[in-house]
Amino acid sequence: MFGLFKTLLAKNKTLLSETDTMKKFLIIGLGNIGAEYANTRHNIGFKILDAIAKAEKLTFETQKLGDITTLKVKGRSIILLKPSTYMNLSGKAIKYWMEKEKIPIENMMVIADDINLPFGTIRVKTKGSDGGHNGLKDTQNFLETTNYNRFRFGVGADFGQGRQVDYVLGEWNEEEQKELPERFTKATELVKSFVLSGINRTMNQFNNS
């Protein structure tokens, strides 16, 4: 009986000790788990969270439905989440951690690749369609709304007819790889701006930068 009680306590324990919900944030980077996907365009969400974690000297731990790490920035508590559900089922992990940690939807941001933007272009929005992105589509299905913050990172559309899947699941070319570190720095600044200054100021400062 005592063992069962301990198990239930562990299951219900939250990662963030912060009680003020408006000071809690969830940043989700979309991608696919597995070494074969690690350096693909579709995994830019994972890569951006990895860059933030590296800058903050953090490591991810495997938790339910994803790899997670936490950090604090000027009194704000943040969870970085890389869902382990594969891209097409991202919404399940997002909804689980939002509810478990009691994080309001306005304090959530989803990072995803976008073939409709030139490589490296940043676009932040508070609502909109999934744009054909399966990870965003599943997110809106689970959240039952299209009104949530999303950070789209342009990967370009240098592919022929019928080659979209091969392109987004393909690896960065040499020129893109050289430019990615600078874009990761910009993305890290964007996430911190969202947490500290809010979505509207962040959109004004970073869109199309």
Side-chain angles (χ1 to χ4, degrees), residues 16 18 22-31 39-58 60 66-83 87 90 93-94 97-98 101 103-131 133 135-136 139-140 143 146-156 168 172 176-209:
L16 301 181
E18 177 63 61
M22 296 313 297
K23 291 184 178 180
K24 299 197 291 187
F25 294 81
L26 177 63
I27 310 298
I28 306 100
L30 299 188
N39 294 311
T40 62
R41 295 179 178 90
H42 219 24
N43 268 40
I44 189 64
F46 279 16
K47 283 295 188 182
I48 288 173
L49 293 198
D50 286 341
I52 295 172
K54 182 178 180 180
E56 299 291 331
K57 297 180 173 57
L58 303 170
F60 283 89
D67 287 349
I68 282 179
T69 191
T70 63
L71 67 152
K72 281 205 168 188
V73 178
K74 295 184 178 178
R76 272 73 165 181
S77 298
I78 307 164
I79 290 178
L80 304 181
L81 167 65
K82 297 191 292 183
M87 183 68 79
S90 301
I94 293 170
W97 285 102
M98 279 183 64
E101 298 293 329
I103 296 174
I105 194 168
E106 60 267 32
N107 285 8
M108 180 196 81
M109 176 179 280
V110 180
I111 306 173
D113 59 300
D114 192 335
I115 61 170
N116 298 307
L117 297 173
F119 168 76
T121 301
I122 286 171
R123 182 83 43 84
V124 183
K125 298 179 71 176
T126 59
K127 59 183 178 180
S129 72
D130 56 63
H133 192 287
L136 297 180
T139 298
Q140 73 184 36
L143 299 182
T146 59
N147 297 332
Y148 64 89
N149 303 313
R150 74 281 309 273
F151 164 10
R152 294 187 178 225
F153 185 98
V155 298
V168 296
W172 306 98
E176 290 168 338
Q177 287 181 22
K178 289 179 181 178
E179 295 182 26
L180 280 174
E182 184 273 333
R183 304 315 290 165
F184 289 155
T185 299
K186 181 73 70 175
T188 299
E189 294 170 357
L190 187 157
V191 170
K192 288 185 177 179
S193 172
F194 167 62
V195 170
L196 296 175
S197 302
I199 189 66
N200 291 324
R201 285 190 180 182
T202 300
M203 288 192 294
N204 290 336
Q205 181 178 352
F206 289 90
N207 273 350
N208 298 315
S209 65

Is any side-chain heavy atom of [X] closer than 4.5 Å to a side-chain heavy atom of [Y]?
{"X": "Leu180", "Y": "Lys47", "answer": "no"}
{"X": "Arg150", "Y": "Thr139", "answer": "no"}
{"X": "Phe46", "Y": "Pro83", "answer": "yes"}
{"X": "Ile27", "Y": "Ile111", "answer": "yes"}
{"X": "Leu190", "Y": "Met109", "answer": "yes"}
{"X": "Met87", "Y": "Leu30", "answer": "yes"}
{"X": "Ile105", "Y": "Leu143", "answer": "yes"}

Does the pair Asp50/Lys82 count as a salt bridge with the N-to-O cut at 4.0 Å?
yes

Of all the heavy-atom pairs spanning [X] and [Y], show the shortest one and how long it is.
{"X": "Gly31", "Y": "Asn43", "answer": "CA-OD1, 3.4 Å"}
{"X": "Ala187", "Y": "Ile48", "answer": "CB-CG2, 3.8 Å"}
{"X": "Ala112", "Y": "His133", "answer": "CB-NE2, 3.7 Å"}
{"X": "Phe184", "Y": "Ala51", "answer": "CB-CB, 3.8 Å"}
{"X": "Asn149", "Y": "Glu106", "answer": "ND2-O, 3.0 Å"}
{"X": "Met108", "Y": "Phe194", "answer": "O-CZ, 3.8 Å"}

So among Thr188, Thr202, Asn204, which one has a side chain to side chain donor-acceptor pair (under 3.5 Å) with Ser193?
Thr202

Checking the side chain of [X] only, and the main-chain atoms of [Y] only, is there a donor and an acceptor separated by less than 3.5 Å?
{"X": "Arg201", "Y": "Ile199", "result": "no"}
{"X": "Asp67", "Y": "Phe60", "result": "no"}
{"X": "Gln177", "Y": "Trp172", "result": "yes"}
{"X": "Arg76", "Y": "Lys23", "result": "no"}
{"X": "Asp114", "Y": "Arg152", "result": "no"}
{"X": "Gln140", "Y": "Ser129", "result": "no"}
{"X": "Thr121", "Y": "Leu117", "result": "no"}

With sequence neighbours excluded, what pairs up with Lys24 under the side chain to side chain donor-acceptor pair (under 3.5 Å) test?
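With neighbours one apart ignored, the set is empty.
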
Taking only residues two or more places apart in sequence, or in another chain, which ones meet Glu56 in a side chain to side chain donor-acceptor pair (under 3.5 Å)?
Lys192

Nearest 0.5 Å, please: how far is [atom2] in [Y] from [atom1] in [X]?
{"X": "Asn107", "Y": "Ser77", "atom1": "CG", "atom2": "OG", "result": "11.0 Å"}
{"X": "His42", "Y": "Ile115", "atom1": "NE2", "atom2": "CD1", "result": "9.5 Å"}
{"X": "Asp130", "Y": "Thr146", "atom1": "CG", "atom2": "OG1", "result": "9.5 Å"}
{"X": "Phe151", "Y": "Ile28", "atom1": "CZ", "atom2": "CD1", "result": "13.0 Å"}
{"X": "Tyr148", "Y": "Leu26", "atom1": "OH", "atom2": "CG", "result": "12.5 Å"}
{"X": "Leu80", "Y": "Leu71", "atom1": "CG", "atom2": "CG", "result": "5.5 Å"}

Carefully, step by step, assess Thr40 and Val168 under the rule side chain to side chain contact (heavy atoms under 4.5 Å, CB included).
CA-CA 7 Å; Thr40 62; Val168 296; over 6 Å; no

Does either side chain, that of Asn207 or that of Lys125, offer a donor lying less than 3.5 Å from an acceptor on the other one?
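The answer is no; no qualifying pair exists.
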
Glu176: what forms a salt bridge (Lys or Arg N to Asp or Glu O under 4.0 Å) with it, not counting sequence neighbours?
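Scan of Glu176 (salt bridge (Lys or Arg N to Asp or Glu O under 4.0 Å), adjacent residues dropped) gives Arg41.
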
